[in-house]
Amino acid sequence: MQTLLSLQDRSLGWGDHMVLPNLSISVSQGERIAVLGRSGVGKSTLLSALAAQQDGPRIALVPQDHGLVGSLSVFHNVWMGRLDDFGTARNLATLIWPRATQRAQVDAVLDRVGLTGLGRRPVAELSGGQRQRVALARALLRGGQIVLADEPVSAVDPAQGADLLRGIADRFETAIVVLHDAALARQFATRIIGLQAGGVAIDAAPDAISDADLAELYG
Amino acid sequence: MKARHALAGFAVVTLIAILLSDMTARRPDPWLTLAAMGRGIITPDFSDFTGLATATGLTLAFAFCGVGLGATVGLILAPIYARVRVLCVSVRAVHELFWALLLLNITGISPITGVLAIALPYSGIFAKVFAEYLEEADPAAEAALPRGLPATIRLIWVRIPQCLPQMQTYTLYRLECGLRSSAVLGFVGLPTLGFELESTFRQGLYGEATAVLLIFLALILPMRRWVIWRLVPFYLLASIMALSLFKSPPMGAGALMRFLNDIIPAPIRTGADWSSWLDKVFVQQAWPGAMDTLVLSQIALAGAALLAAIAFPAIVPRVAGRVGAVIGHGVLVVLRSIPEYMLAFVFVQILGASMLPAILALALHNGAIIAHLAGRQATGVDLRPDAPRGLTLWAWELFPRMSGTFWALCLYRWEIILRESAIMGLLGIATLGFYIQTGVQELRLDRVIALLLVSILLTFIIDQISRSLRRRMQLGGALRVEATRGRS
């Protein structure tokens with residue numbers, strides 16, 4: 001299997017605070033990775049470091065803080081995922097006057113995340129759970145070889161969360177998803193990475209990990 | 001530096017300023033004028049319907065076009081503000097009326113003069129405030145964009161839309177200021193409401209003058225209700241059409257070249273003696289003008305601070321009661337809606353030309369603004385349930401808590417009061433504006449430019465002192481007053 005993303009002996013942190021020293025990790029094509037661990041352990045930092053790789057594969061992002069623009073419509077926020085596919089003039093035209101075909105493409109991903117018919121609504125008027133799904137729809141529209149998603153289903157109920165994760169798995173061959181629900185992680189992932197203070201504590205297939213191992217991550 | 005020391009210094013400077021000032025009421029009998037005015041106020045006269053309607057329409061048109069142009073230029077400059085900062089600070093250091101006096105020499109009494117007189121200083125302030133908004137925009141949305149997008153697309157798709165709500169609120173607030181500026185431009189001859197006010201007042205037609213003031217208040221007070229964003233394109237279009245219909249007296253050919261020639265200092269242009277030119281401009285005009293400007297602004301600032309300290313609780317329901325707060329609000333809104341220049345003009349008619357009417361006008365208008373901003377914040381202060389009420393609350397809880405904000409607000413108005421004090425010269429008070437207007441009338445534009453540079457320099461110095469005082473008194477919390485204006 002081809003390696004899509006990798007970090008070799010990198011030390012990650014924010015500001016002066018080092019959270020993951022001397023980390024090495026590689027992601028192969030076709031893997032669905034769930035990243036687990038307590039808050040502050042460096043899950044988001046790891047995702048940002050993977051996303052920052054230059055000249056890598058086409059990456060779709062679902063940041064934890066959504067990264068939405070409240071004053072723009074749901075359509076515009078979702079379409080932002082594809083801005084780099086077009087030139088400046090076309091992007092300006094889309095901002096002012098979206099075409100019917102573009103609206104149709106966005107409507108399709110909105111259907112998938114359960115936001116049917118909300119395309120023209122300003123994001124500022126949406127609930128927290130709806131915003132999270134707009135961020136996810138943006139990644140689904142963008143597509144690409146890999147998706148990096150940070151807690152993409154934290155604000156929806158478990159059943160809907162499982163359904164949205166299936167949507168991610170259908171759209172992307174390779175995925176790295178930060179989750180906090182161990183059961184969802186087992187359903188979704190082909191590989192689970194458990195982070196603990198200072199580094200990787202678990203890195204194996206779900207079948208090879210016991211519930212006790214996972215509980216220890218949060219212990 | 002302790003606030004106590006700053007305050008003591010401020011009091012000493014104010015005392016010196018009062019000793020240097022001229023506050024005599026020159027009119028022999030102000031009561032006569034007041035009585036005539038009182039009769040006019042009870043019987044407003046709207047009979048000159050066409051004249052009033054034209055002036056109203058043009059006041060709106062100048063405001064919309066000037067603010068629209070200023071906001072557009074400001075938005076374009078905002079992303080590169082760091083590179084154009086000095087230019088922006090300089091254009092906004094010159095008051096709209098001074099811009100109009102200069103432009104009258106090039107474009108005459110024409111729509112371009114009025115629009116540019118508003119748009120030039122406003123684009124400087126828009127650029128500054130919009131740049132602050134863009135800087136503060138949440139970086140999360142930009143980080144979520146695909147990598148490698150050109151900066152313009154990131155700006156137009158994400159950063160500007162993020163700031164759009166604040167930008168709209170601020171533009172609305174500026175439109176209110178623009179309406180005031182537009183009306184005041186009438187005092188230098190543009191056909192707006194200020195022109196009507198001046199001519200009716202000078203003829204003693206107080207009923208008609210009252211009508212002009214009432215129309216102005218009827219426009220500006222409910223402004224936030226009738227400026228609806230969807231309608232703004234229509235307002236703009238109507239404004240452009242109104243201005244294009246406006247017949248302006250023709251300017252002789254080559255006005256621009258003549259202007260450019262005239263602003264070269266006389267000794268270079270005609271070979272006149274440098275020492276007498278410098279003596280005339282700087283020793284006989286700039287120095288006394290600057291001194292009077294400083295004296296006037298100092299007393300006006302002290303007056304505004306005093307008035308505001310007394311008046312801000314008037315809009316806090318817990319102090320003034322619900323009904324009292326509504327009345328307080330009403331008084332403050334009217335006082336801050338009427339431009340200080342207009343107030344000063346009216347007071348000069350009553351009291352005669354001295355510093356007194358200008359001080360009263362500046363103190364009332366700016367005091368109302370400070371009181372409004374401080375009172376708004378005081379209403380939001382979280383108080384314990386058993387906190388006292390009335391004046392005890394003001395003295396024990398509100399004023400001590402608000403004092404930092406309060407001094408910051410006063411220091412923020414200082415520079416603005418200074419700019420306005422210079423302008424008061426156009427009413428015959430011997431501040432810088434007086435000498436600037438004399439220069440314009442005598443067509444000595446080289447002197448006008450030199451005096452304007454002095455007034456810009458004065459503004460810079462006061463701005464620097466105000467900044468350093470705010471820093472040293474650690475009043476950082478309310479440093480960004482301008483950017484929060486218009487949010488209410």
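Convention: sequence-line order gives letters A, B, ...; per-chain numbering from 1.
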Inset, instruction - State whether the side chain of Gln162(B) and the backbone N or O of Asp138(B) hold a donor-acceptor pair below 3.5 Å, judged by distance alone. - result: yes
Inset, instruction - If the plane angle is over 60° it's perpendicular, under 30° parallel, otherwise tilted; pick one for Trp226(B) and Phe64(B). - result: tilted
Legend entry - Mutual orientation of the aromatic rings belonging to Phe75(A) and Trp79(A) [parallel < 30°, tilted 30-60°, perpendicular > 60°]: parallel
Legend entry - Residue part contacting chain B, namely of Arg58(A), when any heavy atom lies under 4.5 Å: neither
Inset, instruction - Determine whether Met80(A) and Leu83(A) make a side-chain contact, defined as any pair of heavy atoms from C-beta on separated by less than 4.5 Å. - result: yes
Inset, instruction - Report yes or no: do Thr116(A) and Asp111(A) form a side-chain donor-acceptor pair below 3.5 Å? - result: yes
Inset, instruction - Look at the side chain of Arg138(A) and the backbone N and O of Gly67(A), then say whether any donor-acceptor pair between them is shorter than 3.5 Å. - result: yes
Legend entry - Portion of Ile156(B) that has a non-hydrogen atom of chain A nearer than 4.5 angstrom: both
Legend entry - Max heavy-atom pair count under 4.5 Å with chain A, selected residue of Pro161(B), Pro165(B), Gly148(B): Pro161(B)
Legend entry - Most contacts with chain A, counted as non-hydrogen pairs under 4.5 angstrom, among Ala140(B), Pro146(B), Cys163(B): Pro146(B)
Legend entry - Under 3.5 Å: donor-acceptor pair, side chain of Arg133(A), backbone of Arg112(A): no
Inset, instruction - Anything in residues 89-110 of chain A with a heavy-atom distance to chain B below 4.5 Å? Please list those residues in order. - result: Asn91(A), Leu92(A), Thr94(A), Leu95(A)
Inset, instruction - Look at Asp65(A) together with Arg131(A) and state whether they make a salt bridge at an N to O cut-off of under 4.0 Å. - result: no
